[in-house]
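One structure below.
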Amino acid sequence: MSARRPNPNGSEKRMIMSEVRVRFAPSPTGVLHLGGARTALFNYLFARHTGGKFLLRIEDTDRERSTDESTQAIIDAMNWLGMHHDEEIVYQSKRIDAHREALDTLIAQKSVYKCYCTAEDRNKAREKAEAEGGSYIHRCDCRDMETEKEEAFVWRFRMPKEGETVFDDIVQGTITTANREIEDLVVARQDGSPLYNFVVVVDDAFQRVTHVVRGKDHLTNTPKQIQIYQALGLPVPKFAHLPLILGLSKRLRSAGVESYRDQGYLASGLNNYISRLGWSHGDQEIFTFAEIIEKFDLKDVNRSEGSLDMQKMEWVNQQHLQNCDGAMLAELVVPFLAKEGIVVNAADGKLLAAVETMRARAKTLVELAQNMKFYFVADDQLEFDEKARAKFYTETAVTYLQEMAENLAEVSEWTEEAISENVNTYIAQKGIKLKDVAQPSRVALVGRAAGPGLWETMAVLGKESSLKRLTQAKSE
RNA sequence: GGCCCCGUCGUCUAGCGGUUAGGACACCGGCCUUUCACGCCGGCGGCACGGGUUCGAGUCCCGUCGGGGUCACCA
């Protein structure tokens, strides 16, 4: 068995001739985690890049584990990330008639047979096979039985016993499987309720999916599905199996996309980061969503699996924070400010200005909101970093701050230039350095020893607040 | 265990027979500077191992080791 890259010419020609149709097919049994989001994203990118359609199918046939809340959570997460699907959502649970019909076709042409083996039979056979050091593949006499029995049964698919099943995976290369390695899988239960490898074929064909883009954990299902396509006389789509994301800690694994949203990640940052896990475009690291769509191609997807690096994810997000439009960023940070107890209007001029002074200092919207809080709290409610206050509120420093405030009160036009000029005049007269007043001022204005430049801080804060905060500084 | 896939700095990756093996995050220095960031400059650090093929191998072949996936009347 070998895996070589297929000659790309053949597949690209076909793509031009027929519209690309891809689908994301989650089962609604939980949140959309990063792995699922990436699978959805690669499908979406491929569809948009090629001008094709991005379909959504909810695989909710496992009624015990599927919930409507989960379906909604997945759709919400995708919307937030900007992955909007085309056409109507297909709910697998509503297609039982079509599944039944396909099963009837298989029964009629004897592509399936009734298997009466019980769970005990199979376990016994498996144990025996394992004891002999071999692998277990279900084989039994039911396949060739002439007469029917009045016993419980399942429908098994009649796999070819010889030959091999071959397909050219767009990312994994040519995959060849000996047919003797593929078991006669159960296609439906006695009551006709179909099983995964069968419905997925029927539904993908129904949605006229041209490219099945999914996680590599489905790789071994593919030859089984190809056999079913052929038995049903359906066109076999192209396959692209994406490398999995490794090294997800339990916490990271279970975290849904919305938890990253709540942690202050930007949708564009998250998309950028997860797209670069397994895909690259030369040395470029930062992409807008439009750029990823423009540059993404399945043939540039790696075969090797990668793992999450939260520090790099933060850095990528920070880059997007820097590049984000100001008005947009202001709007995005409003809910995070609200969590800090600050209520502001997104169009507030002060908010816009404040965002500009702080954006380079935050990796997430949560950080941005926390760092910006000081601009909006009441002057006498400002929270202080006690260590910073103890360090910089010396007796002389506090005196300087009083004098600075008195001088600044004279400034009529409250701009960065005027503020700067006024303070510089003061320190020149006083024969001191900016250093002597800078940190004490910052602590008085911001509450911490870190923050934007003094002039911009005061300009954004406004004259009244600035003077109040400088004046209220007291040594201890 | 059978079958399949993968293996370039700690991490994400570029590389597609001839490169001083490039970039990014992180880390360590330095610069900038009113602090913290941003930014800029520099440093550390990698082709898993062993055989072949070839004038020449990170690139091709085989093996070993390591990692992952899959072996349901789940999806």
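Per chain, numbering begins at 1; letters A, B, ... match sequence-line order.
For B:rC16 and B:rU59, the P atoms lie 13 Å apart once the distance is rounded to whole Å. Taking atom C1' in both B:rC5 and B:rC41, the straight-line distance is 42 Å, to the nearest Å. Spacing between B:rG50 and B:rC65 at atom P, rounded to whole Å, works out to 15 Å.
The salt bridge (charged side-chain N to carboxylate O under 4.0 Å, His left out) pairs that include a residue from residues 430-446 of chain A are A:Glu403-A:Lys430, where partners are two or more places apart or lie in different chains.
Distance from the side chain of A:Ala438 is smallest to B:rU34 among B:rU34, B:rU11, B:rC38. Among the nucleotides B:rG2, B:rC74, B:rU70, the one closest to any side-chain atom of A:Thr220 is B:rU70. Set against B:rG68, B:rG2, B:rU70, the side chain of A:Asp217 has B:rU70 as its closest nucleotide. Minimum atom distance to the side chain of A:Ala450 is reached by B:rC36, of the listed B:rC36, B:rA37, B:rC25. Distances from the side chain of A:Leu244 to the nucleotides B:rA37, B:rG69, B:rA75 place B:rG69 closest. In this structure, of B:rA14, B:rU35, B:rU70, it is B:rU35 that holds the atom nearest to the side chain of A:Gln439. Taking every side-chain heavy atom of A:Glu181 into account, B:rG2 is the closest of B:rC73, B:rA26, B:rG2. Listed nucleotides: B:rG68, B:rC3, B:rG7. Nearest to the side chain of A:Ser304: B:rG7. When the nucleotides B:rU13, B:rU34, B:rC38 are ranked by their closest atom to the side chain of A:Leu434, B:rU34 comes out on top. Proximity note for A:Ile175 (side chain, C-beta onward) versus B:rC5, B:rA14, B:rG23: the nearest is B:rC5.
A:Arg122 and A:His138 form no side-chain donor-acceptor contact under 3.5 Å, judged by distance and modelled atom types alone. In this model, no donor atom of one side chain and acceptor atom of the other lie less than 3.5 Å apart for A:Tyr375 and A:Ser465. A donor and an acceptor atom, one from each side chain of A:Tyr273 and A:His320, are nowhere located under 3.5 Å apart.
Contact check, A:Gln319 against B:rG39: a side-chain N or O comes under 4.0 Å of OP1 or OP2.
Within 3.5 Å, a donor on the side chain of A:Arg442 pairs with an acceptor on the base of B:rU34, or the reverse. At a cut-off of 3.5 angstrom, the base of B:rC74 holds at least one donor-acceptor pair with the side chain of A:Arg65. Remark: the A:Arg303 side chain and the B:rC6 base include no donor-acceptor N/O pair separated by less than 3.5 Å. With hydrogens and angles ignored, a donor-acceptor pair under 3.5 angstrom links the side chain of A:Glu285 to the base of B:rG23. For a distance-only test at 3.5 Å, the side chain of A:Lys312 fails to qualify as a donor-acceptor partner of the base of B:rA26.
Heavy-atom minimum distance, A:Leu408 versus A:Lys463: O-CE, 3.7 Å.
Pairing for B:rA21 is absent, judged as Watson-Crick or G-U wobble with the two contacts each under 3.5 Å. The base-pairing partner of B:rG39, taking Watson-Crick or G-U wobble contacts with both distances under 3.5 Å, is B:rC31. The partner of B:rG7, taking Watson-Crick or G-U wobble pairs whose two distances both stay under 3.5 Å, is B:rC65. Base pairing annotation: B:rA26 forms no Watson-Crick or G-U wobble pair, as no partner gives both donor-acceptor distances under 3.5 Å. Base pairing of B:rC71 is made with B:rG1, judged by Watson-Crick or G-U wobble geometry with both donor-acceptor distances under 3.5 Å.
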Quiz item: For A:Asp203 and A:Gln92, what are the C-alpha separation, side-chain angles and deciding distance, and is it a side chain to side chain donor-acceptor pair (under 3.5 Å)?
Solution: CA-CA 8 Å; A:Asp203 290 343; A:Gln92 199 158 63; 2.8 Å; yes

**OP:** List the steps, then state whether side chain to side chain donor-acceptor pair (under 3.5 Å) holds for A:Glu164 with A:Thr177.
**Re:** CA-CA 5 Å; A:Glu164 43 190 32; A:Thr177 308; over 6 Å; no

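Residue A:His241 is out of contact with every strand shown, counting any heavy-atom pair closer than 4.0 Å. Residue-level contact check: A:Arg214 touches neither bases nor backbone, having no heavy atom under 4.0 Å from any strand. Contacts of A:Arg122 with the nucleic acid, taken as non-hydrogen atoms under 4.0 Å apart, include base atoms. Nucleic acid contact class of A:Asp436 (heavy atoms, under 4.0 Å, all strands): none. Among the protein residues, A:Glu367 comes within range of no part of the nucleic acid, since none of its heavy atoms lies under 4.0 Å from any strand. When heavy atoms are screened at a 4.0 angstrom cut-off, A:Gly215 is found touching no nucleic acid atom at all. Looking at heavy-atom distances under 4.0 Å, A:Trp155 makes no contact with the nucleic acid at all. Residue contacts shown for A:Gln92 are limited to sugar-phosphate atoms, with no base heavy atom under 4.0 Å away. Counting any heavy atom pair closer than 4.0 Å across all strands shown, A:Val154 reaches a base atom. In this structure, A:Ser193 reaches neither bases nor backbone, as no heavy-atom distance under 4.0 Å exists between it and the strands shown. Among the atoms of the strands shown, base atoms are found under 4.0 Å from some heavy atom of A:Pro452.
Following rounding to the nearest Å, A:Gln284 (CD) and B:rG22 (C1') show an atom-to-atom distance of 16 Å. Remark: P of B:rU34 and CG of A:Leu401 are 18 Å apart, rounded to the nearest angstrom.
With salt bridges taken as basic N to acidic carboxylate O contacts below 4.0 Å, one links A:Lys114 and A:Glu148.
Taking the ring centroids of A:Phe153 and A:Trp155, they lie under the 6.0 Å cut-off. Here the two rings, on A:Phe296 and A:Trp279, have centers that are under 6.0 Å apart.
Of the two residues contacting RNA chain B, namely A:Arg38 and A:Arg189, the nearest-nucleotide position lying further toward the 5' end is that of A:Arg38.
A donor-acceptor pair is defined here as one N or O able to donate and one able to accept, closer than 3.5 Å; such a pair exists between the side chain of A:Tyr116 and the backbone of A:Lys149.
Shown for residues 414-425 of chain A: no residue has heavy atoms falling under 4.0 angstrom of RNA chain B.
Where stacking is scored as ring centres under 5.5 Å apart with planes under 30°, A:His138 does not register as stacked on the base of B:rA72.
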